[in-house]
Amino acid sequence: MAITIPVAHDFICPWCWIAVSQANRLKREYDVEFDWLGYELYPASLDWPIPSPAGMTDPNRPLTPGRLDLALAAEGIAPFMIARPHHMRSHNAHLAVEYAKTEEKGEEMVRALYEELFLRGSVINDPDFIEHLSRNIVSDSKALRRAINYDLFADKIVPFEGAAHAAGVFNVPTFFIGGGRYAEQPYSVLRNAVEKIDQPVPGFWRSLIFPEPPTDRPYTAVVMAQTADGAVSLEDKAYVGTRDDLLVMRTLEEQFDASLVGAETVRKAPKTWYSRSPNSFILSRSGDLPQGSEYAKRASLVDVSDLSDWSDQLRKRHGIKSLLIEGGPSINRLFFELELVDEIFLTIAPTISMVEQVKTIIGPSKQKGSPISLKLVSEHKWGDELFVRYRVVRP
């Protein structure tokens with residue numbers, strides 16, 4: 001069952017636009033949902049602040065980014081190019097969201113309103129505009145309009161400053177994760193908080209013992225998740241495992257000296273892929289990686305035409321004794337064909353892909369090759385997933 005994370009937000013806050021992006025990333029990486037709570041920065045009872053006179057600026061002084069600029073850049077969000085409405089309140093927009101929640105469309109309404117404001121500069125607090133926008137979201141836009149006209153959900157909206165501060169909200173956005181409050185935090189902080197909630201990660205892939213590595217390469221394992229019918233990706237999802245599988249995989253990464261992932265995998269999930277291995281590598285012949293990818297920023301890019309030689313250099317020059325291959329299927333197949341794989345860590349996800357041509361852990365099912373024998377080392381169950389460890393049987 002998905003975990004629901006409350007988020008205190010207000011549409012007029014640029015930081016909350018970043019929170020929408022962060023929530024999207026968390027949804028892709030973990031089995032979480034969000035409850036967007038309306039915290040009104042400027043309710044009708046609160047006047048807008050009087051702007052202070054602009055200070056003198058030396059024309060020879062270079063421009064420096066502010067906190068918001070840095071936060072946008074870290075999230076990979078383009079600077080604001082659209083002028084937003086000046087002195088616009090947000091009460092009606094919050095009322096619309098509260099009505100949409102009654103039809104289980106609250107999150108869709110939140111995202112639509114944010115996109116209209118920050119991508120198109122729309123006056124999202126105008127009742128006529130909201131009613132028109134809602135026609136593609138809720139089934140009864142007239143009922144939504146009545147909720148705005150009669151202020152039906154006013155008790156759901158928390159005004160600043162007194163009531164908001166009493167609720168423990170001093171900044172928006174504030175994510176409530178696992179008993180903690182996270183206000184205006186970078187994605188890495190939110191991600192770590194999500195990983196710590198719920199039940200602790202089981203220890204069956206901690207403190208693993210591997211055989212002594214060969215002298216000419218690291219001891220090498222492949223880790224992949226697949227559906228019950230063998231697919232490693234779905235049409236709308238680059239990774240088929242659940243949040244439980246991702247948490248277990250993070251503990252597995254910590255057991256290896258290095259990890260390798262293909263550029264195609266990074267391109268499919270640029271905002272979510274990262275590794276806890278001390279040394280991270282991305283295999284790419286083109287060098288074409290998505291801008292803003294966390295993994296690409298701190299991993300070493302390698303263009304390898306001879307994987308056997310590269311593995312040899314890892315072992316002899318860099319002292320790397322264990323290597324984890326994290327996909328995709330094309331890289332897995334190359335390592336298997338070169339007889340460089342010693343183990344497989346496979347997760348069976350509780351899903352049937354229903355696709356015609358299944359892409360397995362070593363590529364499309366139509367590809368042919370000699371079978372490779374495996375020996376079962378261990379199997380574990382957590383939630384609805386099965387975690388299996390195999391060792392390759394050498395002739």
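Not measured: the values here are computed from a predicted model. All heavy atoms count here, side chains included; hydrogens, waters and symmetry mates do not.
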Hey, could you give me the [atom1]/[atom2] distance between [X] and [Y], rounded to the nearest 0.5 Å?
X	Y	atom1	atom2	result
D155	F153	CG	CZ	8.5 Å
L346	E379	CG	CD	12.0 Å
Q185	I177	CD	CD1	9.5 Å
S308	Q313	OG	CD	11.5 Å
I320	D257	CD1	CG	6.5 Å
L307	L340	CG	CG	7.0 Å

Closer than 4.0 angstrom, basic N to acidic O: yes or no for [X] and [Y]?
X	Y	answer
K316	D216	no
E184	R67	yes
E385	K381	no
R389	E343	yes

*Y39 and A167: which non-hydrogen atoms are nearest, and at how many Å?*
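Taking Y39 first and A167 second, the nearest heavy atoms are OH-CB, 3.5 Å.
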
_Please give me the minimum heavy-atom distance between S134 and S141, naming the atom from each residue._
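Closest heavy-atom pair between S134 and S141: OG-CB, 3.3 Å.
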
Distance only, no hydrogens: is a donor on one side chain within 3.5 Å (strictly under) of an acceptor on the other, for [X] and [Y]?
X	Y	result
S322	Q255	no
T347	D245	yes
D151	H91	yes
S90	D10	yes

Any non-hydrogen side-chain atom of [X] less than 4.5 Å from a side-chain atom of [Y]?
X	Y	value
V223	I325	no
F118	P14	yes
S277	E254	no
S122	F129	yes
V97	K156	no
I331	F335	yes
V388	L386	yes
I5	V32	yes

Do other residues, nucleotides or ligands put more than 12 heavy atoms under 6.0 Å from the [atom1] atom of [X]?
X	atom1	value
H318	NE2	yes
R317	CZ	no
K27	NZ	yes

Should the pair [X] and [Y] be assigned to parallel (<30°), tilted (30 to 60°) or perpendicular (>60°) ring geometry?
X	Y	result
H94	H9	perpendicular
H165	F170	parallel
F34	W36	tilted

_Run the salt bridge (Lys or Arg N to Asp or Glu O under 4.0 Å) test on K142 and E131 for me, step by step, so that the C-alpha distance in whole Å, both residues' side-chain angles and the decisive distance to 0.1 Å come before the verdict._
CA-CA 7 Å; K142 295 298 183 183; E131 181 183 355; 3.0 Å; yes

Whether the side chain of [X] engages the backbone of [Y] through a donor-acceptor N/O pair (distance < 3.5 Å, no angle test) should be reported.
X	Y	answer
D342	A221	no
R181	T174	no
R315	P214	yes
D384	P350	no
D309	D306	no
Q226	T360	no
N125	A93	yes
N332	I362	no
T220	P218	yes
R89	P43	yes

Hydrophobic cluster membership, [X] vs [Y], 4.5 Å side-chain cutoff:
X	Y	answer
L41	V123	yes
W382	V377	no
V341	V302	yes
I18	M81	no
I352	V240	no

_Y42/H87 under side-chain hydrogen bond (donor to acceptor under 3.5 Å, both in side chains): CA gap, chis, key distance, verdict_ = CA-CA 9 Å; Y42 289 100; H87 282 189; over 6 Å; no

*Would V7 and L37 satisfy side-chain contact (heavy atoms from CB on, under 4.5 Å), going step by step from the backbone distance to the final call?*
CA-CA 6 Å; V7 187; L37 308 177; over 6 Å; no

*Check step by step if side-chain contact (heavy atoms from CB on, under 4.5 Å) holds for E108 and V138.*
CA-CA 9 Å; E108 290 88 338; V138 300; over 6 Å; no

*Any cation-pi pair here, R25 with Y187, using under 6.0 Å and within 45°?*
yes

*Before giving the answer on side-chain contact (heavy atoms from CB on, under 4.5 Å), spell out for V222 and M224 the whole-Å C-alpha distance, their side-chain angles and the decisive distance to 0.1 Å.*
CA-CA 7 Å; V222 166; M224 291 290 287; 3.8 Å; yes

*Given the rule in the side-chain contact (heavy atoms from CB on, under 4.5 Å) test, do R191 and Q22 qualify, once you have shown the distances and angles that lead to the verdict?*
CA-CA 9 Å; R191 181 182 63 203; Q22 292 173 326; over 6 Å; no

*asked:* Evaluate K101 against D35 for salt bridge (Lys or Arg N to Asp or Glu O under 4.0 Å), listing each step before the verdict.
replied: CA-CA 9 Å; K101 288 179 182 179; D35 182 15; 2.9 Å; yes

*Report yes if the distance between the aromatic ring centroids of F256 and F210 is under 6.0 Å, otherwise no.*
yes

*asked:* Under 6.0 Å between ring centres: does that hold for F387 and F204?
replied: yes

*Where do E115 and R111 land on the salt bridge (Lys or Arg N to Asp or Glu O under 4.0 Å) test, with the steps shown first?*
CA-CA 6 Å; E115 289 177 2; R111 296 179 193 281; over 6 Å; no

*Kindly determine whether W17 and F11 satisfy ring-ring contact (aromatic ring centres under 6.0 Å, His included), including the steps that lead there.*
CA-CA 8 Å; W17 176 235; F11 292 100; over 10 Å; no

